[in-house]
Number of protein chains: 2
Amino acid sequence: MIPPRRITLKDLARELGVSTATISNAFNRPDQLSPKLREHILTEARRLGYSGPDARARSLRTGRSRIIAVMLAESLTYSLNDAVSSELLSGIAEVLDTRGHTLLLLSGRQNAASVPGASSIADGFIIYGLMPSLKLFSDLPPERPLVAVDFDIEDHATVHVDNEPGCYAIARHALRTPTRRPAVINLRLTEQPCNGRIGDDQALLSAERTITRARLAGFQRAFVEAGIDPAEVPMWNIEENTFKVCTPVIEEILDLPDAERPDLLLCMSDRIALTVVTLAEQRGLRIPEDLRLTGFDGIAEGQYRAPRLTTIRQDSTEKGRIAARMILGMEPAESRVMTTEMMIGDTCP
Amino acid sequence: MIPPRRITLKDLARELGVSTATISNAFNRPDQLSPKLREHILTEARRLGYSGPDARARSLRTGRSRIIAVMLAESLTYSLNDAVSSELLSGIAEVLDTRGHTLLLLSGRQNAASVPGASSIADGFIIYGLMPSLKLFSDLPPERPLVAVDFDIEDHATVHVDNEPGCYAIARHALRTPTRRPAVINLRLTEQPCNGRIGDDQALLSAERTITRARLAGFQRAFVEAGIDPAEVPMWNIEENTFKVCTPVIEEILDLPDAERPDLLLCMSDRIALTVVTLAEQRGLRIPEDLRLTGFDGIAEGQYRAPRLTTIRQDSTEKGRIAARMILGMEPAESRVMTTEMMIGDTCP
DNA sequence: CTGAAAGCGCTTACAG
DNA sequence: CTGAAAGCGCTTACAG
């Protein structure tokens with residue numbers, strides 16, 4: 001049996017007795033030939049099983065693939081199941097779609113060694129979250145546009161959120177009600193991986209290396225302003241923003257003796273805060289009477305479920321849209337900081 | 001200023017005084033040249049800003065891109081934010097990752113007219129959910145492998161879940177406890193879009209056109225067995241599996257007079273069931289005393305939040321892994337039906 | 001172990 | 001409106 005070789009543009013041209021240029025024009029530049037001929041070509045193409053110019057050849061020839069790669073700092077598994085990055089991706093996808101572009105998913109973590117070779121097919125890159133190794137950048141084609149989301153990279157456009165002011169605002173709100181034992185639950189903030197209480201001796205990542213450092217700075221500004229010494233506020237750290245990883249740390253906190261258990265928890269994500277809600281309910285702790293708490297992100301789950309989360313909403317979908325528009329040249333590729341919005345829910349009225 | 005043209009393999013070869021084949025081998029076939037020379041080439045390449053063979057040219061030459069396209073029946077926005085399809089995608093991504101492949105996201109809905117031209121870059125296609133128009137298939141390169149997930153397509157491999165038996169099992173479980181007013185909340189099952197009660201005159205989609213028809217069949221088999229006439233069981237329909245779209249329909253149900261309000265709701269998804277939980281709590285309805293309900297999917301949110309959902313768990317991540325392995329030829333591309341598992345939670349003990 | 005050369009399937013000035 | 005021809009950047013037998 002002869003392998004069913006794919007029919008090419010050239011085959012089709014020969015078959016129809018026209019030049020390859022004419023076939024190409026029929027698909028790409030309708031104005032370059034008569035509607036009648038074009039119709040004929042398209043019909044015959046379909047009949048003969050030719051489904052249009054091959055994207056591989058086309059992208060080599062034109063230098064454009066209409067593919068934008070999104071490189072995620074986290075594993076794809078995590079990113080796809082996390083509400084915040086899913087929102088970001090859907091904002092990106094939405095804009096790409098309307099412009100006939102398509103999204104290639106890349107994981108910056110997969111084999112920390114290198115970016116998959118296929119990535120150089122993309123016309124541009126959106127990088128989300130801080131990469132473990134900057135080396136990965138050097139593997140990307142230097143002449144293609146690149147937008148960084150949620151971190152800074154020299155000489156490239158970035159989209160950000162005002163983490164410090166947002167966290168300052170929500171902490172200030174929370175501290176208006178007297179608190180005896182405030183605490184902070186951080187997200188991946190320690191130099192060494194740590195799931196649990198942060199000791200005095202533990203080094204924190206610098207602001208250049210994690211976005212959550214700015215969130216902590218916001219909390220601490222509010223503490224100082226409220227006359228609380230930040231050094232006296234106990235802090236915990238969580239390594240991954242999932243129910244599973246959050247659970248043991250939060251159990252540790254909630255299972256402290258009554259006299260030690262915090263009565264206010266400033267959480268660096270809604271996922272953390274929602275896990276607190278679930279585990280507090282299981283223990284019969286009343287929210288907000290026994291325990292007040294705040295989140296960060298404003299994900300949907302935190303807003304329709306009771307008790308509604310008091311949180312800082314960041315519009316991740318819009319963040320994705322902006323990054324996509326920058327990559328496509330639909331708006332200037334500059335440094336953008338988006339504002340956040342405080343949402344007062346039931347967990348910290 | 002001279003545009004910073006990208007350095008090519010040929011440039012590099014000239015620069016280093018070796019042939020292009022040698023450069024190519026340095027990147028692709030380490031055994032074809034001395035380690036010493038290879039090291040030299042790689043070092044120089046990096047120094048000169050050459051980040052490896054261009055994927056566009058490579059894919060044209062070899063006929064392989066190491067890209068697998070996933071085509072989603074729903075919009076990308078919906079799919080990325082839905083727990084079930086996110087799980088599927090992460091299963092796919094996980095397997096592709098380990099084999100150095102990469103995932104291209106395609107929406108089957110975007111412009112129902114045609115698949116974006118870039119899609120023919122992919123080495124294979126995974127199609128998830130039923131497409132609105134089969135015409136889209138004919139736009140795909142016919143000689144490349146294709147796996148269908150959650151529906152059948154002639155002459156192609158498929159991955160499925162046992163919808164009918166799963167739904168039969170959970171309905172039978174639910175009907176063991178006496179019920180006076182059972183009801184079903186369907187997911188996109190009517191011929192004409194409908195958000196609300198399904199009238200007697202309303203046509204339902206055929207089993208070939210929706211997966212949820214099989215779910216209903218399972219419910220109905222259990223009704224018959226329990227001596228209940230399925231025609232007497234009121235049914236509602238929901239068009240999109242999101243909190244927002246579910247809400248008005250479920251409010252309509254829960255706000256019925258006590259004597260008419262169902263005491264058992266068989267829901268075709270966990271999202272629907274979770275929305276019922278939220279809205280029932282707001283109304284002071286007790287679960288399961290006043291209202292019992294079951295879901296379908298087994299998503300994480302339904303399991304860690306109280307009350308825990310009674311549901312049918314399908315392993316969407318594994319479904320994605322299988323589809324990906326089939327596409328990559330790691331396992332036979334055949335027709336697979338995965339079994340589901342009943343999980344008894346608090347909403348229908 | 002290395003080099004010269006063909007060709008993957010297109011698009012695009014250019015000439016007619 | 002159409003055709004002949006160059007060339008995008010690689011990989012791969014093949015000969016040496």
Side-chain angles (χ1 to χ4, degrees), chain A residues 3 5-41 45 48-67 117-123 141-144, chain B residues 3 5-41 45 48-67 117-123 141-144:
Chain A
R5 200 178 63 80
R6 185 174 183 200
I7 182 177
T8 68
L9 183 146
K10 207 166 151 191
D11 298 333
L12 186 59
R14 196 183 325 103
E15 197 75 27
L16 301 189
V18 299
S19 80
T20 57
T22 303
I23 305 284
S24 176
N25 285 333
F27 282 95
N28 301 315
R29 303 170 157 197
D31 55 309
Q32 297 291 82
L33 73 178
S34 68
K36 189 153 173 281
L37 178 57
R38 175 161 190 258
E39 200 49 50
H40 174 63
I41 289 174
L48 296 169
Y50 181 73
S51 48
D54 183 85
R56 293 160 180 184
R58 192 214 292 255
S59 70
L60 173 58
R61 178 57 234 230
T62 63
R64 303 204 35 197
S65 61
R66 304 197 138 241
I67 290 174
S119 67
S120 63
I121 218 151
D123 292 339
E143 77 289 0
R144 313 233 181 114
Chain B
R5 200 178 64 81
R6 185 174 183 199
I7 181 175
T8 69
L9 183 147
K10 206 166 152 191
D11 298 334
L12 186 59
R14 196 182 325 103
E15 198 75 27
L16 301 189
V18 299
S19 80
T20 58
T22 302
I23 305 284
S24 177
N25 285 334
F27 282 96
N28 301 315
R29 304 170 155 195
D31 56 308
Q32 297 290 83
L33 72 177
S34 69
K36 187 152 174 281
L37 177 57
R38 175 162 191 259
E39 200 48 51
H40 174 64
I41 289 174
L48 296 169
Y50 180 71
S51 47
D54 182 84
R56 293 161 180 183
R58 193 215 292 255
S59 70
L60 173 58
R61 179 57 233 233
T62 64
R64 305 203 33 199
S65 62
R66 304 197 140 240
I67 290 175
S119 67
S120 64
I121 219 151
D123 292 339
E143 77 289 0
R144 312 230 182 117

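Labels below follow one simple rule: chain letters A, B, ... track the order of the sequence lines, proteins then strands, and each chain is numbered from 1.
The shortest distance between side-chain heavy atoms of A/Asn28 and A/Arg58 falls below 4.5 Å. Looking only at side-chain heavy atoms (C-beta outward), A/Leu48 and A/Asp11 stay at 4.5 Å or farther from each other. By the 4.5 Å heavy-atom criterion applied to side chains, B/Ile23 and B/Leu16 are counted as neighbours. Inter-residue side-chain proximity for A/Thr8 and A/Asp54 is flagged as unmet; no heavy-atom pair is nearer than 4.5 Å.
Of the candidate nucleotides C/dG3, D/dA4, D/dC10, D/dA4 has the atom lying nearest to any side-chain atom of A/Ala21. Residue A/Pro53 places its side chain closer to C/dT11 than to any other of C/dT11, D/dC1, D/dT11. Side chain of A/Arg58, nearest nucleotide from D/dC10, C/dC10, C/dA4: C/dC10.
The phosphate of D/dC1 (OP1 or OP2) has no side-chain N or O of A/Asn25 nearer than 4.0 angstrom. A sub-4.0 Å separation between OP1 or OP2 of D/dG9 and a side-chain N or O of B/Arg56 is absent. The shortest distance between the side-chain N/O atoms of A/Tyr50 and the OP1/OP2 oxygens of C/dG9 is not below 4.0 Å. OP1 or OP2 of D/dC1 has not a single side-chain nitrogen or oxygen of A/Arg38 nearer than 4.0 Å.
Within the 4.0 angstrom heavy-atom criterion, no nucleotide atom of any strand lies near B/Arg64. If you check every strand for non-hydrogen atoms under 4.0 Å, B/Leu33 touches sugar and phosphate atoms only. Within 4.0 Å of A/Phe27, counting heavy atoms only, lies no atom of the nucleic acid at all.
In this structure, NZ of A/Lys10 is placed 14 Å from P of C/dT11, rounded to the nearest angstrom. The separation between B/Ile41 atom CD1 and D/dC10 atom P is 14 Å, rounded to whole Å. Here C/dC1 presents its P atom at 16 Å from CG of B/Asn28, a figure rounded to the nearest Å. Taking atom NE2 on A/His40 and atom P on D/dT2, their separation rounds to 11 Å, with Å as the unit. The distance from atom CZ of B/Arg29 to atom C1' of C/dC1 is 13 Å, rounded to the nearest whole Å. In this structure, B/Ile23 atom CD1 and C/dA4 atom P are separated by 13 Å, rounded to whole Å. We find that CZ of B/Arg14 is positioned 13 Å from P of C/dA4, with the value rounded to whole Å. Summarising the geometry, the separation between CG on B/Leu9 and P on C/dC8 is reported as 19 Å, rounded to the nearest angstrom.
The nearest heavy atom of DNA chain C to B/Gly17 and to A/Thr22 marks one nucleotide each, and the one closer to the 5' end goes with B/Gly17. Between A/Leu60 and A/Leu37, it is A/Leu37 whose nearest contact on DNA chain D lies nearer the 5' terminus. Along DNA chain C, the nucleotide nearest B/Val18 and the nucleotide nearest B/Arg61 are compared for position; the residue whose nucleotide lies closer to the 5' end is B/Val18.
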Would A/Arg56 and B/Asp123 count as a salt bridge (Lys or Arg N to Asp or Glu O under 4.0 Å) if you check the C-alpha gap in whole Å, the side-chain angles of each, and the deciding distance to 0.1 Å? CA-CA 11 Å; A/Arg56 293 160 180 184; B/Asp123 292 339; 2.6 Å; yes

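Using Watson-Crick or G-U wobble geometry with both donor-acceptor distances under 3.5 Å, D/dC14 finds its partner in C/dG3.
Note that CG of A/Leu12 is 10.5 Å distant from OG1 of A/Thr20, once rounded to the nearest 0.5 Å.
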